[in-house]
Amino acid sequence: MRIALTLLFLMALAPLQSQGSQRADAVANDEFPALQFLPVGTVVEGISIPRYENHRVSALLMADRLIIKNSKTVVLENLNASLYGEDKNQTNVSTSSVTYSFATKLAKTTGEAKVNDPRFTAKGKGVIFNTSTSKGFLHGPVITTVSNKLFNEKKDEKK
């Protein structure tokens, strides 16, 4: 059952368009297609959701649990997201709980969040991330450690 629900969820991540569809059960623009098939309160355990751009993996989202709050909102518990840059750099974001709204395209954490990047690490009290603009804000107080690698790159650019 877990595999079936995970596959259903992953298949629904593909862009679904209801162009010209007059079906009564069509999905609204601010709803997620798979959520119309699963009742509120459904828990899907052990999910992995890849994101592709130009035929390459650009992100991988993994969570211990996905809880459906309604047709527009899910909660992800023990989230680990890996973001892969074109320069082969990998940024990892982890937090204990995230609420994501398909209507607003906002992901909001309810606890401490950690960001690990080859150039820096940061830890804060929470994150708000807009998936449509790929921009976010780490709430403070924030502790950031900058890697020596970043400073060495800046020195090399000046030469």
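Because the structure is predicted, anything quoted here is derived from the model rather than measured.
Placement of V127 and F102 in two distinct hydrophobic clusters is found when ILVMFWY residues are connected by side-chain heavy-atom separations under 4.5 Å, directly or transitively. The hydrophobic clustering, which links ILVMFWY residues whose side-chain heavy atoms are closer than 4.5 Å, places V93 and Y84 apart. Residue I68 is grouped with residue V98 when hydrophobic side chains (ILVMFWY) are merged at heavy-atom distances under 4.5 angstrom, including chains of intermediate members. Note on L60: it does not cluster hydrophobically with L76, by side-chain heavy-atom contacts below 4.5 Å among ILVMFWY residues.
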- Carefully, step by step, assess T121 and N116 under the rule side chain to side chain donor-acceptor pair (under 3.5 Å). CA-CA 5 Å; T121 59; N116 291 313; 4.8 Å; no
- Message: Applying side chain to side chain contact (heavy atoms under 4.5 Å, CB included) to V44 and T42, what does each step give before you reach the verdict?
- Response: CA-CA 7 Å; V44 181; T42 297; 4.2 Å; yes
- Might you work through the side chain to side chain contact (heavy atoms under 4.5 Å, CB included) test for I47 and L61, ending with a clear yes or no? CA-CA 8 Å; I47 67 162; L61 179 128; 4.3 Å; yes
- Message: Please determine whether side chain to side chain contact (heavy atoms under 4.5 Å, CB included) holds for the pair T109 and F129, giving the CA-CA distance in whole Å, both sets of side-chain angles, and the decisive distance to 0.1 Å.
- Response: CA-CA 9 Å; T109 67; F129 185 78; over 6 Å; no
- Report the C-alpha distance between K105 and Y100 in whole Å, list the side-chain angles of each, state the deciding distance to 0.1 Å, and finish with yes or no for side chain to side chain contact (heavy atoms under 4.5 Å, CB included). CA-CA 7 Å; K105 307 290 189 235; Y100 181 73; 3.6 Å; yes
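Between P141 and K125, the shortest heavy-atom contact is CD-CG, 3.7 Å. In terms of heavy atoms, N80 sits closest to S94 at OD1-CB, 3.0 Å. Across V115 and F120, no two heavy atoms sit closer than the pair CG1-CE1, 3.9 Å. Here the closest non-hydrogen pair linking M62 and S48 is CG-OG, 3.6 Å. The shortest non-hydrogen separation linking K108 to I128 is CG-CG1, 4.0 Å. Counting all heavy atoms, side chain and backbone alike, E112 lies closest to T95 at O-OG1, 2.8 Å.
A heavy-atom distance below 4.5 Å is found between the side chains of T99 and T73. Here the side chains of V75 and S97 are in contact, with some heavy-atom distance below 4.5 Å. For the pair P118/Q90, no side-chain contact is recorded, criterion being any heavy-atom separation below 4.5 Å from C-beta on.
Note: L83 CG to N89 CG = 11.5 Å, rounded to the nearest 0.5 Å.
A donor-acceptor pair is defined here as one N or O able to donate and one able to accept, closer than 3.5 Å; no such pair exists between the side chain of S101 and the backbone of L106. No donor-acceptor pair closer than 3.5 Å links the side chain of T91 to the backbone N or O of D117.
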